[in-house]
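Here is the naming used below: chain letters follow the sequence lines, and residue numbers restart at 1 for every chain.
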There are 2 protein chains.
Amino acid sequence: MGISDRKERDKQEMRKNIIDAAMHMFTHEGYESASIRKIADKIEYSPGTIYLYYKDKDELLYDVQAECFSKLVELFQKEATDADPFKRLEQICHSYVRFGLENPEIYDLMFMMKSPMKNVHEHEDWENANDALSYLAKCVQECIEKSLIRFEHVWMAALSIWGMGHGLISLQIGCRMKIMDMDSDQIKEAIYASVSNYLNQIKQ
Amino acid sequence: MGISDRKERDKQEMRKNIIDAAMHMFTHEGYESASIRKIADKIEYSPGTIYLYYKDKDELLYDVQAECFSKLVELFQKEATDADPFKRLEQICHSYVRFGLENPEIYDLMFMMKSPMKNVHEHEDWENANDALSYLAKCVQECIEKSLIRFEHVWMAALSIWGMGHGLISLQIGCRMKIMDMDSDQIKEAIYASVSNYLNQIKQ
DNA sequence: AAATTTACTGAACAATGTTTATTTTGCAAA
DNA sequence: TTTGCAAAATAAACATTGTTCAGTAAATTT
């Protein structure tokens, strides 16, 4: 059926339209401005229309999140390509930290906000993050196979590395680094340094 | 002046009243239920009254956060008392992780939510967290002085340890651990294991 | 007892996510 | 081309938010 195909295509196009508007709102005006009404305004539709394509805001944010993750994966593919697995691991971490610090609102949506995760139910998996996390996991696996890091289990290594990176980034984004008496630039340097230092500590 | 003293005491008492109600709301009904109106309802005042004691909700949440931090410090003082600095460090981390995993809403308020931090301005310090962080920092300092951990700078060690702990806890609270195909209990075990493992890695 | 300051209220405002009755639109059949 | 119908979009409404403010009650001072 050609017609229902086109209908489906139109629907996807409208969704893309909505996602793009939301994304733009997020990056340029900040999260607080990304209300359903303002997104609707931007694409020149009424607020109700968005609910013909998404059952609620969480579902929409989940799709925006997906878009963000594909940008992160792109970044990995561009910046983390060293043949040596450990160096590649360093590149991944560096890209990840920079991505977080330069795009705090987007990082928030991807790794901190609860609302986009509301529709990822128990025993379902979080598809959005699969590619990005696989990129890390594969690299970690190679590192372990070649005995480049002091870990035995891939998942534990990946979790620890992710944990360290995310911890520092999210403390900064959440303004908790105000406890340190450093200015913003010093803090960012400290975060990069801490992650590098950690990688050196697990190196063997 | 005795009268203005009593006035001040009354004011503090009312604040305590509000904080307690908010805290109870937070822990028992969850963050979403902790609206100004519901807090006002609980203490049997009108919503407007709360604004005679707090200029906005952020300021109120900041005070609730303070209460939470004093509970965390109490926990440290109860559970992290080993004479050996490294063992004490392990106790601190263990208490911190357990506190986070058992009180996700409170942990959120303390370490994740932006709103209570809105009134902590640039070049001001985040008083609420001082005692808790000092507890960690002092312990770390002793560890470094006795060459028990592979770190030279206190602040970098503290930041790294905090970063790792917070990273893992907040990923779990923010539902990001759904990427791992483990159930909730397994994930919690993995978090404890990762933190312990990290401490062993920095041990020297 | 009267006047004044303080404490509190309750209604209103603006903004949010969401639902629904109604209208507009697009398209196939007559 | 006109008619009828289904799909798409809207405008208005609802229930919540945080917050403000004019008015009222209470407490204190004169």
### Message
Let's go through Glu142(A) and Arg88(A) carefully: what are the C-alpha distance in whole Å and the side-chain angles of both, what is the deciding distance for salt bridge (Lys or Arg N to Asp or Glu O under 4.0 Å) to 0.1 Å, and is it a yes or a no?
### Response
CA-CA 10 Å; Glu142(A) 281 190 59; Arg88(A) 199 161 68 248; 2.7 Å; yes

Take atom [atom1] of [X] and atom [atom2] of [N], then tell me their distance rounded to the nearest Å.
| X | N | atom1 | atom2 | result |
| --- | --- | --- | --- | --- |
| Met113(A) | dG17(C) | CE | C1' | 13 Å |
| Leu60(A) | dG17(C) | CG | C1' | 12 Å |
| Leu52(A) | dA9(D) | CG | C1' | 7 Å |
| Glu32(A) | dT16(C) | CD | P | 10 Å |
| Ile50(A) | dA8(D) | CD1 | P | 16 Å |
| Asp58(A) | dT18(C) | CG | C1' | 12 Å |
| Glu13(B) | dA7(C) | CD | P | 14 Å |
| Leu61(A) | dG17(C) | CG | C1' | 12 Å |

### Task
For this output row, return yes or no: ring centroids of Phe111(A) and Phe99(A) closer than 6.0 angstrom.
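Ring centroids of Phe111(A) and Phe99(A) are no less than 6.0 Å from each other.
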
### Query
Tyr62(B) and Tyr54(B): aromatic ring centres closer than 6.0 Å?
no

Please examine the side chains of [Y] and [X], heavy atoms only from C-beta on, and report whether any two atoms are closer than 4.5 Å.
| X | Y | value |
| --- | --- | --- |
| Gln201(B) | Phe151(A) | yes |
| Leu159(B) | Met177(A) | yes |
| Leu199(B) | Leu89(B) | yes |
| Lys114(B) | Asp108(A) | yes |

### Task
For the residue pair Glu59(B) and Asn119(B), confirm or rule out a side-chain donor-acceptor distance under 3.5 Å.
no

### Query
For Glu79(B), which of Gln91(B), His94(B), Arg98(B) qualifies under side-chain hydrogen bond (donor to acceptor under 3.5 Å, both in side chains)?
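So, applying the side-chain hydrogen bond (donor to acceptor under 3.5 Å, both in side chains) to Glu79(B) and each of Gln91(B), His94(B), Arg98(B), only Arg98(B) qualifies.
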
### Task
Answer yes or no: does a side-chain N or O of Ser46(A) lie under 4.0 Å from OP1 or OP2 of dA9(D)?
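Result: no.
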
### the helix from dA1(C)-dT30(D) to dA30(C)-dT1(D): angle between end helix axes, five pairs per end, rounded to 10 degrees
30°

#### Entry: CA sep, side-chain torsions, deciding dist, call: Arg176(B), Trp162(A), side-chain contact (heavy atoms from CB on, under 4.5 Å)
CA-CA 11 Å; Arg176(B) 264 61 181 187; Trp162(A) 185 25; 4.1 Å; yes

### Task
Could you walk me through whether Met113(B) and Leu61(B) pass the side-chain contact (heavy atoms from CB on, under 4.5 Å) test, one step at a time?
CA-CA 10 Å; Met113(B) 284 181 48; Leu61(B) 290 183; 3.7 Å; yes

### Query
Among residues 17-26 of chain A, which contact DNA chain D at a heavy-atom distance under 4.0 Å?
none

### Query
Which residues, if any, of residues 35-43 of chain B bring a heavy atom under 4.0 Å of DNA chain D?
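Nucleic-acid contacts, sorted: Ser35(B), Ile36(B), Arg37(B), Lys38(B).
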
#### Entry: Sequence-distant partners of His28(A), ring pair (Phe, Tyr, Trp, His ring centres under 6.0 Å), two or more places apart
His24(A)

### Shortest side-chain distance from Tyr45(A), nucleotide among dA9(D), dG17(C), dT9(C)
dA9(D)

#### Entry: Sequence-aligned protein contact record of nucleotides 19-24 of chain C, with B where the base is within under 4.0 Å of a protein heavy atom and S where only the sugar-phosphate is
B-----

### Query
For Tyr53(B), which contact category applies under a 4.0 Å heavy-atom criterion: base, sugar-phosphate, or nothing?
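Sugar-phosphate: the residue Tyr53(B), judged by heavy atoms under 4.0 Å, touches backbone atoms but no base.
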
#### Entry: Residues in side chain to side chain contact (heavy atoms under 4.5 Å, CB included) contact with Asp125(A), at least two apart in sequence or another chain
Glu127(A), Asn130(A)

### Query
Please walk me through it: do Ile43(B) and Thr49(B) pass side-chain contact (heavy atoms from CB on, under 4.5 Å)?
CA-CA 10 Å; Ile43(B) 59 173; Thr49(B) 304; over 6 Å; no

